[in-house]
Structure formats: C-alpha cells, structure tokens
Amino acid sequence: MKIPKALERVVESFERLPGIGPKSAQRLGFYLLHVPQSDLEDFADALINLKKNTKMCAICFNIGTTELCDVCADPERDNGTICVVEDALDVLAFEKSDKYKGVYHVLHGVVDPLNSIGPDDIYIPQLMKRLKETENRGQVKEIIIATNPTMEGEATAMYIVKQLKAQNSELKITRIGRGLPVGADIEYADEVTLGRALEGRSEY
Ligand SMILES: [Zn+2]
C-alpha cells in the first residue's frame with residue numbers, strides 16, 4: 001500500500017527531526033489526520049513564523065526577539081564572565097538555576113568529526129572574535145566552559161581552551177562539572193544540580 005503524497009511529505013518532515021525515527025514519524029503523520037483543520041493551520045502558522053519572529057542575539061547568539069537577547073540587554077549582568085554553552089536551551093536551564101549573573105556565548109552545536117562538524121561550523125570563531133574585541137577593553141575576567149559532559153562536549157571544551165590559551169594565556173578558564181553525571185545533558189539537569197556544578201567549577 002502506498003501512502004498518499006500529502007501524508008508522505010509530513011512523515012518525511014518529521015523524520016528529519018532529531019530523535020524521531022521512521023516509525024515515530026509515521027505515527028505522528030497519521031495522528032495529525034485526526035486533528036481538526038484549524039489546529040493544523042495554527043501549527044503550520046507557528047512553524048512559518050518561527051524564524052521570522054525570532055532573532056539570534058548579535059553578541060552571544062542566544063535566541064530572542066530583538067537585536068540583543070534579554071541577558072545581553074540587561075545592564076545588571078556581569079559582562080566580565082562568559083559562560084559558553086552548546087545550545088540556547090542550556091541558557092534557559094542556567095537562567096532557571098538563578099545562580100548565574102554573567103553573560104553567555106551559545107555555540108549552537110559541538111565539534112563532532114563523525115558527523116563532519118568542525119569548529120568553524122559552530123560559533124567558535126565568533127567567540128574568539130568577541131574576546132578579541134572585549135579583550136582590548138580588558139573586560140573579560142573568566143570564561144566558564146559549560147558544554148555537556150559527553151565525548152563531543154569534552155572535545156569541544158578542549159578545543160576552545162586551546163584556542164583561548166593561545167589567544168590570551170592570562171585568561172581564567174573554568175569548567176563546570178561537579179554533580180553533573182558523565183553523559184548527562186545540561187538542558188535536562190535540575191536547577192540544584194546545575195547550580196552546584198556552576199559553583200564547583202574548576203580552573204583549567
Ligand atoms: Zn545575547
């Protein structure tokens with residue numbers, strides 16, 4: 001049996017999403033056939049406007065609605081401490097922990113040679129550039145590397161540390177860690193664990 005083209009298109013779109021296999025994609029596609037037309041149109045509308053109505057922050061590459069994200073636009077935040085995270089979702093997690101008063105740099109991924117993602121494919125060059133610019137004003141006091149404690153996260157952290165040290169050997173670079181289980185995802189860590197990991201960071 002061949003499934004209708006319209007349904008196939010939807011299933012294929014779901015299949016391209018992370019963590020969704022062919023079976024789940026099919027299940028979701030068939031499920032949507034039972035959803036009222038108006039809800040489907042709302043869904044489609046939300047997708048169409050997703051990128052139109054969001055902006056990447058010009059400084060830290062966090063996701064927001066204006067040129068500068070809420071964190072970068074906040075004069076109360078400490079610009080001298082930059083926490084480097086994999087995803088904008090990690091920013092949300094840190095903000096929820098309410099322990100961090102510095103600013104962020106969002107990498108939008110990790111170095112992952114197996115999937116041919118190199119340092120220049122994520123926002124590492126932008127981090128270096130940002131530091132070079134602020135460095136001249138002697139602003140940045142500490143870089144906290146908060147990539148996930150996975151193999152790719154660690155490799156990315158090591159790469160960034162090497163680059164940072166080459167650019168400025170005086171810079172204080174720390175790594176969050178304590179309390180975060182190996183292989184864990186920062187995005188899913190609870191506020192208390194994340195707060196502790198931040199407090200218990202160690203210097204490179
Ligand atoms: Zn920002």
Side-chain angles (χ1 to χ4, degrees), residues 18 46-47 49-112 117-150 152-153 156-165 167-168 170-177 180 184-191 193-195 197-199 201 204:
L47 284 180
N49 287 306
L50 176 65
K51 286 187 86 165
K52 281 190 196 162
N53 296 340
T54 50
K55 264 200 166 134
M56 219 182 241
C57 175
I59 297 176
C60 75
F61 304 98
N62 186 15
I63 303 295
T65 49
T66 45
E67 189 70 11
L68 294 185
C69 73
D70 289 349
V71 176
C72 290
D74 184 351
E76 303 281 296
R77 304 294 292 233
D78 167 21
N79 286 317
T81 309
I82 300 177
C83 180
V84 180
V85 295
E86 289 179 19
D87 274 305
L89 268 170
D90 300 330
V91 173
L92 275 185
F94 276 110
E95 288 301 289
K96 258 202 340 221
S97 82
D98 217 23
K99 278 263 173 5
Y100 184 63
K101 296 290 167 245
V103 291
Y104 299 93
H105 186 92
V106 183
L107 296 170
H108 291 279
V110 275
V111 176
D112 184 3
I117 300 170
D120 293 349
D121 297 318
I122 58 177
Y123 286 76
I124 292 179
Q126 287 82 349
L127 173 65
M128 297 305 152
K129 188 164 167 265
R130 178 179 176 188
L131 283 168
K132 237 183 187 152
E133 282 163 1
T134 45
E135 213 176 68
N136 298 332
R137 304 198 291 269
Q139 265 188 352
V140 176
K141 291 181 287 294
E142 181 179 356
I143 302 286
I144 304 168
I145 313 269
T147 50
N148 288 317
T150 56
E152 293 80 16
T156 307
M158 288 315 293
Y159 179 85
I160 293 173
V161 171
K162 225 173 117 189
Q163 297 288 309
L164 289 174
K165 294 244 180 213
Q167 190 165 293
N168 175 6
E170 308 282 284
L171 190 66
K172 182 179 179 189
I173 310 167
T174 56
R175 176 92 170 102
I176 64 156
L180 277 185
D185 216 320
I186 285 173
E187 165 195 346
Y188 299 118
D190 66 278
E191 293 104 88
T193 307
L194 204 51
L198 196 56
E199 280 167 353
R201 63 187 183 269
Y204 272 104

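Just follow the structure's listing: the first ligand is 1, and inside any ligand the first atom is 1. The structure displayed is predicted, hence computed values, not measured ones.
In the model, Asn148 has a side-chain atom that pairs as donor or acceptor with a side-chain atom of Glu86 under 3.5 Å.
Within the structure, every pair that satisfies the salt bridge (Lys or Arg N to Asp or Glu O under 4.0 Å) test and touches residues 63-77, not counting sequence neighbours, is listed here: Arg77-Glu95. Residue pairs meeting the side-chain hydrogen bond (donor to acceptor under 3.5 Å, both in side chains) criterion with at least one partner in residues 49-58, sequence neighbours excluded, are Asp45-Asn49.
Excluding waters, the set of protein N, O or S atoms lying under 2.8 Å from the Zn ion (ligand 1) comprises Cys57 SG, Cys60 SG, Cys69 SG, Cys72 SG.
More than 12 heavy atoms of other residues, nucleotides or ligands sit less than 6.0 Å from atom NZ of Lys101.
Applying the ring-ring contact (aromatic ring centres under 6.0 Å, His included) test to Tyr104 and every residue at least two apart in sequence or in another chain returns Tyr100.
Relative orientation of the Phe61 and His105 rings is perpendicular, given thresholds of 30° and 60° on the angle between their planes.
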